[in-house]
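In what follows, chains are A, B, ... by sequence order, proteins preceding strands, each numbered from 1.
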2 protein chains.
Amino acid sequence: MSGRVVTLKTKAKLRARKSGTASSVQDIVQTLRERIARHDVSPGAKLGEQELAAEFAVPRTRIREVLGVLESRGLIDRIPNRGAVVSRLELDHVFHLYDVRAVLEGLCVRLATENAPPETWDEFVELFGAPMDEFVANRDFDAFIVVYERFRRRIIEWARNPVAARMLDSIYEKTNVVIRRIVILPGRAKEGLSEHRAVVAAMRAGDGETAERLKRMNLQNAKETLRRFQKYVL
Amino acid sequence: MSGRVVTLKTKAKLRARKSGTASSVQDIVQTLRERIARHDVSPGAKLGEQELAAEFAVPRTRIREVLGVLESRGLIDRIPNRGAVVSRLELDHVFHLYDVRAVLEGLCVRLATENAPPETWDEFVELFGAPMDEFVANRDFDAFIVVYERFRRRIIEWARNPVAARMLDSIYEKTNVVIRRIVILPGRAKEGLSEHRAVVAAMRAGDGETAERLKRMNLQNAKETLRRFQKYVL
DNA sequence: GGCGACAAGATTGGCGACAAGTTTGTTGAC
DNA sequence: GTCAACAAACTTGTCGCCAATCTTGTCGCC
């Protein structure tokens, strides 16, 4: 009896030592989320339970729970008795996501304008000026996107609406790849930049309603560009 | 050895025969969802795993999975090693839900106006006329709400945007109770009715933008009423 | 009498083993 | 040579057991 207990304890220790610390469900979800978002695993690829269990050195039950979370977020599809595959992004679905994103970001822009002191946006008046012009001229889209995401996060932060924040998060994690493909489309970065200047100006002036309308137009335009160049994106 | 196998098979058969068919995860989720939405179990009530396992005659593991789904939908809170309780609706949270609901339903109203043939809305021009007036006069709020929900479902159906549909669904399942408490507030039913007449009229005329704006105003007004009478609602 | 500590009971968490189903590879006949 | 049927290996689905943690009740001390 005591021998068995020792065996269990030993196993636990071994596992803990072997891979540093045992990964929690949340950790694994986060890792896989990033992989899917960055297309490290391509859509349609199969996610085997045993495979993942071996990689993360955790029991299969835990992987199963992870896959449940990923499924509820709509990142993977599970077919009974056949396993889990990374969801494919249908073009129609992307359009649906963009329509929803437009109204939600519009809402957040308006709320943020109401909640934040106007000086908050000076930083972005500055950034969306000369620096971003230079990024566009140099085709430095990485720097371009970094600034965008910073703006996005700041808006959500000041909107102070966790419900909207959660929903937008689930949209971003599905469309991250698409966003990167849209900005490199001809003329889109420049166009998006001037649209954002208008948004930020309205926010700085404290005009939430206008900022909302402009933000929605901005995303409708992005969607329209996507529609025109869909052959090159998906 | 073979005796053990027989035991297991016998048990399975017994379970299958005893309770008809074994409930699937989805079935149990649906049942609990309704209970929570209808306040059959009050917020703050504890949901014991063994208790539920006994009630539905399924292994505890399945209940665990069910609780996982309910948690990801935000219907329950799980405290490690202490169990699951039905989430309380904070007033602030309700306001956040209403802001998001306003823009999402606004979107759906606009899309539905664009997608559906105008005659689609004749049914509701009719219903929102004399019949609903009568319901308000008689304080028949149940009939009143039935018509509203029919309208809501029709809008979502014609909006043809599964993303928005899903998000609105998760909002409704949390605010169902609140909706019922708002319509009985003094004057709110009558006010809401006239607002809806305007919405339907715009939809019938094919003016999606106006319909969207009116729908958003409608929900902002509902929220405002809720704010004024918050003491009596929560 | 009240408060703190300890032990017993109960509940949740984690895991490995077994069962069911699917895919793949092989063998046989047409 | 091709197709179908069967078998074996592998993958997913289900379940019950054991460990960890919290709750509760009791006892002893201040």
5'-most contact on DNA chain C: B/K46 or B/T61, nearest heavy atom basis? B/K46

Measure CG/A/L47 against C1'/D/dT11 and give the value in whole Å, please. 14 Å

Should the ring pair A/W121 and A/F124 be called parallel, tilted or perpendicular, given that the plane angle runs from 0 to 90° and is split at 30 and 60? tilted

Angle between ring planes, A/Y232 versus A/F229, binned at 30° and 60°: parallel, tilted or perpendicular? tilted

Nucleotide D/dT21, atom C1' - distance to CZ of B/R78 in whole Å: 15 Å

For C/dA5, the Watson-Crick or wobble counterpart (both distances under 3.5 Å): D/dT26

CD of B/E65 versus P of D/dG13: gap in Å, rounded? 9 Å

Looking only at side-chain atoms of A/R62, point me to the closest of C/dC15, C/dT11, C/dT23. C/dC15

Does a side-chain N-to-carboxylate-O contact under 4.0 Å join A/D99 and B/R160? no

Side-chain-base donor-acceptor pair under 3.5 Å for A/R60 and D/dG13: yes

Look at the side chain of A/R64 and decide which nucleotide, out of D/dT23, C/dT12, D/dT12, has an atom nearest to it. D/dT12

Got a salt bridge between A/R150 and A/E157, using NZ or NE/NH1/NH2 to carboxylate O under 4.0 Å? no

Heavy atoms from C-beta onward define the side chain here; which of C/dG13, C/dC15, D/dT12 lies closest to that of B/E49? C/dG13

Given atom CG of A/N81 and atom P of D/dC10, what is their separation to the nearest angstrom? 18 Å

Atom CD of A/Q50 and atom C1' of C/dT22: how far apart are they, to the nearest Å? 14 Å

